[in-house]
Number of protein chains: 2
Amino acid sequence: MAEIGADDRLTPVLRPVRAGNGFEEALEQILQVLRLGLVPHGERLPAERELADRLRISRVTLREVLKVLQDQGLVESRRGRYGGTFVLDRPRPPGEGELRRRVASVDVEDILRFREVLEVGAAGLCAADGLDGARAEQLRAALAATHDAPLAEYRRLDTLLHLTLAELSGSSTLTAQYAAVRAQVNDLLDGIPLLVRNLEHSQQQHTALVEAVLDGDADGAREVMREHCAGTAALLRGFLT
Amino acid sequence: MAEIGADDRLTPVLRPVRAGNGFEEALEQILQVLRLGLVPHGERLPAERELADRLRISRVTLREVLKVLQDQGLVESRRGRYGGTFVLDRPRPPGEGELRRRVASVDVEDILRFREVLEVGAAGLCAADGLDGARAEQLRAALAATHDAPLAEYRRLDTLLHLTLAELSGSSTLTAQYAAVRAQVNDLLDGIPLLVRNLEHSQQQHTALVEAVLDGDADGAREVMREHCAGTAALLRGFLT
DNA sequence: GTCATAAGGTATGGGTGATGACCATTGATT
DNA sequence: AATCAATGGTCATCACCCATACCTTATGAC
């Protein structure tokens, strides 16, 4: 009575209810915020009470998380009114072999495929629905920000542009999932050099993408986005051989 | 110093680390299995010890979950060797207003959009990559099963077909996310009648979809899937006005 | 008929994290 | 200079959940 077949059908759903204890999950999420660059260096995270509230963990547990981040030099806490937890400039210590270690712990193909699906889907939805004035302006602004960006800030502003598109897609689940997968992509990208040629190509694609979205050209937007993702994917696969 | 803008950027990431206590999350996942019809009526779930192990919760907590399901008449426990937790035929008590109640607690647009993105993405990936013999056969078999299905089983086998496509996409994250969103869709669909006309149309689309995927026609597969999802979406939106 | 086995049913002790109150510090405002 | 308010820092209590062991029941194998 081997029900292995039936069991296999269950594997996608019957996953661990929690990916670790509350501490680990909270750490992961705050690292996501940092990896996505949602809070620029020098700015601060929400106050402990608010953070704990949002993550639905106790302040005690949250503080243990912040302690770790502080010990690693990623953030700094200041007391008093107008104090808070401030994001520091990353010391960038991705030693050699760091990339390989990261690759070993995740399924890169899974990440790249899922990312493409979400990005292309978001672009398609935005273009098909059309964006009203305010939203269109939001997208244009995010694009413009990437143009006159110092090299060190490019990754961050690029992430924000894509995240903006995801938000405009009208599906909060999609946005949340994209944030998660993009944080993983950024983690991988941190392990390889940032080439100016790739960057310029990216910028052309970004411009074409935004144009297509604002024109309501869904097929065009999807196609540009697909190529854009394929570029990153090829780059990463190349460095991971 | 209103940082509302900055805070808003964080909302996609700073979600509750846990959607409730372990009990609630486990209940949700097992309900997912039932809603997806992964275990046909009369068959049994994995043994308590294995289930608890997979969900990473204690058997005590799992048993509380099963107790609830048993009290609601969804499953039945039998002791002894070859015993287990068996799935019962649903008494189908979706009383009036049930649909409206469900709709009130979820963001239907979010669900429908996210579903479309995943389905279209999965179809595209499968078609673009091509499926080897075994996988192609798996897809054909899932399609065939829906053809000669009794009406009462249609929803279940349709779900399995789509889930199969998601699995073949090569992204386990995509598969897991699709399972989650499809469970929600099924929950909504349970609230509206199953029309034979829609069903026949669905079957035509399924056939065209599988053909396109097996032909490696990515654009075609995506287009068929998009229409397929749009159909369901229109149906649901119609009943939810 | 007896036994082994695999399943559900039960009891207990210990650890982790949540709750809520309180203290300490800082800088803007008055 | 005094005050206030928002923030980080600390602690005691308690509910929830886990790990583990053991008991009970039913069925096939011998």
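What's counted below: heavy atoms across the whole structure, side chains too, no hydrogens, waters or symmetry copies. Throughout, a chain's letter reflects where its sequence line sits, starting with A, and its residues are numbered from 1.
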Provide, to the nearest angstrom, the distance between the [atom1] atom belonging to [X] and the [atom2] atom belonging to [N].
X       : N      : atom1 : atom2 : value
B:Glu24 : D:dC16 : CD    : C1'   : 12 Å
A:Gln70 : D:dG8  : CD    : P     : 11 Å
A:Arg81 : C:dA24 : CZ    : C1'   : 16 Å
A:Tyr82 : C:dT25 : OH    : P     : 20 Å
B:Glu76 : C:dG8  : CD    : P     : 12 Å
B:Lys67 : C:dT10 : NZ    : P     : 10 Å
A:Phe86 : D:dT7  : CZ    : C1'   : 10 Å
B:Glu64 : C:dG8  : CD    : P     : 16 Å

Side chain of [X], heavy atoms from C-beta onward: which of [options] has the nearest atom to it?
X       : options               : result
B:Arg63 : C:dA24, C:dG8, D:dA19 : C:dG8
B:Arg44 : D:dC18, C:dA7, D:dT27 : C:dA7
B:Arg59 : D:dG9, C:dG8, C:dT19  : C:dG8
A:Asn21 : C:dG17, D:dA26, C:dG8 : C:dG17

Is there a donor-acceptor contact under 3.5 Å linking the side chains of B:Thr173 and A:Asp110?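 Result is yes, a qualifying pair exists.
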
Looking only at the side chains, is there a donor atom on one of B:Ser169 and A:Arg113 sitting less than 3.5 Å from an acceptor on the other? no

Whether A:Arg49 and A:Asp53 form a salt bridge (side-chain N of Lys/Arg under 4.0 Å from carboxylate O of Asp/Glu) is what I want to check. no

One thing to verify: whether A:Glu167 and A:Arg135 come together as a salt bridge, which I'm taking to mean a side-chain N less than 4.0 angstrom from a carboxylate O.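 Not counted as a salt bridge, because no side-chain N and carboxylate O are separated by less than 4.0 Å.
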
Once hydrogens and angles are ignored, does a donor-acceptor distance under 3.5 Å link the base of C:dA7 to the side chain of B:Arg79?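 Such a pair does not exist between side chain and base.
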
I want to confirm an ordering. Mapping B:Gly84 and A:Leu62 to their closest nucleotides on DNA chain C, which one lands closer to the 5' end? B:Gly84

Distance check: side-chain N/O of A:Ser77 vs OP1/OP2 of D:dT7, anything under 4.0 Å? no

Report yes if a side-chain nitrogen or oxygen of B:Thr61 is closer than 4.0 Å to either non-bridging phosphate oxygen (OP1 or OP2) of D:dC16; otherwise report no.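 Negative; the distance criterion is not met.
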
Answer yes or no for A:Arg78 and A:Phe86: cation-pi contact, defined as NZ/CZ to six-membered ring centre under 6.0 Å and angle to ring axis within 45°. yes

Taking the nucleotide of DNA chain D with the nearest heavy atom to each, does B:Ile57 or B:Arg49 sit closer to the 5' end? B:Ile57

